[in-house]
Amino acid sequence: MMETKHFVIAGIAIAVIIGLVAIFFASADPDGLESSALVLQGDKTLTGETPPDAELTEDLHGGFSYESPMPDYELPDTGIPGQVIAMLVGIAISFIIVLGVARVASGKKEAKNG
Amino acid sequence: MHIPDGFIPLLQTIIYWIIALVFIALALRWARKELSEEKVPIVAVLAAAIFAIQAFNLPVGMGTSGHLVGGALAAIILGSPYAAVFILSIVLIIQAVIFGDGGITTMGANIVNMGVIGGFVGFYAFTGFKSVIKNPYISAGIAAWFACFIPALAASVELWIAGTFPLVSGMVAMGTYHAAIGVIEAIITAVAVYLIWHARPELDWSTTEQVDLGGVTAA
């Protein structure tokens, strides 16, 4: 059995590798929901390619908008380094917050089934 | 399938938030009851990996791309749909608040779709297929496909109620794309379950008998 410490290190390493590879190789095509919206607003056929100038109409019902600090997983106007930073920040924050919440929520009870 | 702000009217988003909060409360209760200290770092590393892999959009043809959502993966690895609710809720909050992926008002709907529906479909499809075809990894893959496809249909119904998508063509488009994206979900989930359960065989609750929490019996 892989020790927990090694498991965590291996897991984080895999996450970082996947995240960094994603920056260079991830598809720029819209995802399933965006593609569906483009089809339904008449800018794309169901099985056809997505036109490069297709724009998603987002503010359909109005009333709320929010500017995130790192939209689209990058620091604005910083290119690849900004994307790397955003990815590492995202992985680190996900790990730390889930670790913290899980630790508090589980009540730090003793591991009884180890 | 992160629904952005503006796709669902505010009043309706509140309803999804209420449903999401009920399941988040249940997930916290699951964590208190079932989550041993041993498993806490494993839950955290799973969340970090799901965050990273969600950024990796792979082409599925038809001018579309998709990525793993991870609801089935979390639920199968940790043996509870609430594990998916727990992990996906936090990952979705981080994605929306920091990276603008998925809306703030629609976060409740996204948690319901990917965390709750994805987690429950993934978990129960897994136990169902596992009892028939025995192989846990193939079962995990098939369950993951459903855990991608069914939430996509749920999202298209929500967007129809919202007046954003028409019902039939919305379901056809969402269903078509996520049937393809589900193949990604299936393959990655099957491989990840295989790797994780081989690295940590004690996590495999599906083949070994449930170890008693008191450590006395392995009935």
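Letters A, B, ... are given to chains in the order of the sequence lines, protein chains preceding strands, and every chain is numbered from 1.
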Distance from [X] atom [atom1] to [Y] atom [atom2], nearest 0.5 Å?
| X | Y | atom1 | atom2 | result |
| --- | --- | --- | --- | --- |
| B:Ile90 | A:Ser94 | CD1 | OG | 9.0 Å |
| A:Thr47 | B:Tyr177 | OG1 | OH | 7.5 Å |
| A:Glu34 | B:Ile3 | CD | CD1 | 12.0 Å |
| A:Ser106 | B:Phe86 | OG | CZ | 8.0 Å |

Measure distances from A:Lys44 to the heavy atoms of chain B and classify the residue's part below 4.5 Å as side chain, backbone, both or neither. side chain

Within residues 56-68 of chain B, residues adjacent to chain A where the heavy-atom gap is under 4.5 Å: B:Phe56, B:Asn57, B:Leu58, B:Pro59, B:Met62, B:Gly63, B:Thr64, B:Ser65

Given that the side chain runs from C-beta out, which part of [X] has a heavy atom under 4.5 Å from chain A: side chain, backbone, both or neither?
| X | result |
| --- | --- |
| B:Ala152 | neither |
| B:Ile98 | both |
| B:His2 | backbone |
| B:Phe99 | both |

Search all heavy atoms of [X] against all heavy atoms of [Y] and return the closest pair with its distance.
| X | Y | result |
| --- | --- | --- |
| A:Gly32 | B:Met174 | O-SD, 4.0 Å |
| B:Gly100 | A:Ser68 | N-OG, 3.1 Å |
| B:Ala48 | A:Ile91 | CB-O, 3.8 Å |

